[in-house]
Student: 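I have a structure here, written as structure tokens, and I will follow up with some questions on it.
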Amino acid sequence: MIEASIVSVEQLSPDVKSFAVEATTGERMPPAEPGSHIDLHLPNGLIRQYSLYEETDGSRYEFAVKHVPGSRGGSKYVHENLAAGDVVTISPPRNNFVLGRHPHTLFIAGGIGITPIIAMSQKLAAEGRNFALHYFCRDAEAPFKNYLDRLMKTGCATRYVGLDPAATALTLSELLTGGHPAGTHVYVCGPGPLMDVTVKLAAPRLGTHAVHLEHFSPRSRGGGTDRAFTVKLVRSGKTLDVPADRSLLSVLVAAGVRISSSCQEGICGSCVTGVLSGVPDHRDSFLTDGEREGGQDICVCVSRAKTPELVLDL
Ligand code: FES
């Protein structure tokens, strides 16, 4: 973990603030590539993940936080309580949304999902590489306006303001069913419905390997009934009961099993664990469809079991 000072706070739009943090020791933190995020450990006990919107050598990290109405306590706390001069605990950066080198890159962003894509597009622009950015936002006061205005002047970006879900889906259909240069890869980050439509349209045409996504909020986990099951841990030899009203992660932690976790919402992938037998009931937003079907990994913070027993590589 890193102890960091908030060195500046900027209001990027009516509901988005950006925060810049530097290590309290004055030392450089680990560098971060575009697509990276950090965990922010809040004094109220919550841990939230925020994408960095600048590639960095580690001298400072910059992230943006949208104040979400009905916030589960993360964005509300950040907006109402954090100010320049405060000291916060953060994790080193992690990158689950790695930008590859492709002949053409198509970025699709919605709302605050623009943050990792700002860093990615800056990198491609600086390297003179070929990309197009399509940004869907609710109003013209969306964050990073000046940067996007500059990109729009170069013809690399298009902003769609105030489209309803049907118009957004239609626009995505036009964008993704048109011809694309061979080797195009799509990177999408935004609200769940925008990501779902993008994946549905792009994956059959470009291949699932060419569609990359980053969730910033949990997707709907469906209304499945929570049933009790048993978990066997092959390395420690433990057998544990997971009651219907407790998560698998909480049972593992209570039994003294050392396991990483961060978001506890199925977004970040910190708790992914190997499954040796049994069928997981996947409820996360991290694993790909292929990984879910393969059934060899499980996010233990939110997922459960479809079979009476799961055997884990723990
Ligand atoms: S702790 Fe983040 S996916 Fe499980």
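Remember, it's 1-based here, ligands and their atoms both numbered in the order they're listed. These numbers come from a predicted model, not from an experiment.
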Student: What's the shortest heavy-atom distance between Leu287 and Arg292, and which atoms?
Tutor: O-NE, 3.4 Å
Student: Please work out, at 4.0 Å between heavy atoms, whether the side chain, the backbone, both, or neither of Ile267 comes within that distance of ligand 1.
Tutor: backbone
Student: When clusters are formed by joining ILVMFWY residues with side-chain heavy atoms under 4.5 Å apart, either directly or through shared neighbours, do Val302 and Val242 land in the same one?
Tutor: no
Student: Which of the atoms in ligand 1, numbered in the order shown and given with their element, are less than 4.0 Å from a heavy-atom of Cys268?
Tutor: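 Going through ligand 1 atom by atom, the ones under 4.0 Å from Cys268 are 1 (S), 2 (Fe), 3 (S).
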Student: Can you check whether Val279's main-chain N or O pairs, donor with acceptor, with Thr307's side chain at less than 3.5 Å?
Tutor: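 Yes; judged by distance alone, with no hydrogens or angles, the pair exists.
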Student: Please list, in number order, the atoms of ligand 1 under 4.0 Å from a heavy atom of Gly266.
Tutor: 3 (S)
Student: Per the side-chain contact (heavy atoms from CB on, under 4.5 Å) rule, which among Val300, Leu276, Val257 passes with Leu312?
Tutor: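 Of Val300, Leu276, Val257, side-chain contact (heavy atoms from CB on, under 4.5 Å) with Leu312 is met by Val300 alone.
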Student: Working to 10°, measure the angle at atom 4 (Fe) of ligand 1 formed by atom SG of Cys271 and atom SG of Cys301.
Tutor: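 For SG of Cys271 and SG of Cys301, the angle centred on atom 4 (Fe) of ligand 1 reads 100°.
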Student: For atom 3 (S) of ligand 1, what is the closest protein heavy atom, and at what distance to 0.1 Å?
Tutor: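 Checking every protein heavy atom, the shortest distance to atom 3 (S) of ligand 1 gives Gly269 N, 3.2 Å.
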Student: Please confirm whether the ring centroid of His212 lies under 6.0 Å from the ring centroid of Tyr187.
Tutor: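 Under 6.0 Å, so yes.
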Student: In this structure, is the centre-to-centre distance between the rings of His209 and His185 below 6.0 Å?
Tutor: yes
Student: Within a distance under 4.0 Å of any heavy atom of Gln264, pick out the atoms of ligand 1 and give their elements.
Tutor: 1 (S), 2 (Fe)
Student: Is ligand 1 under 4.0 Å from a heavy atom in the side chain of Ser262, in the backbone, in both, or in neither?
Tutor: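 Under 4.0 Å from ligand 1, Ser262 contributes backbone atoms alone.
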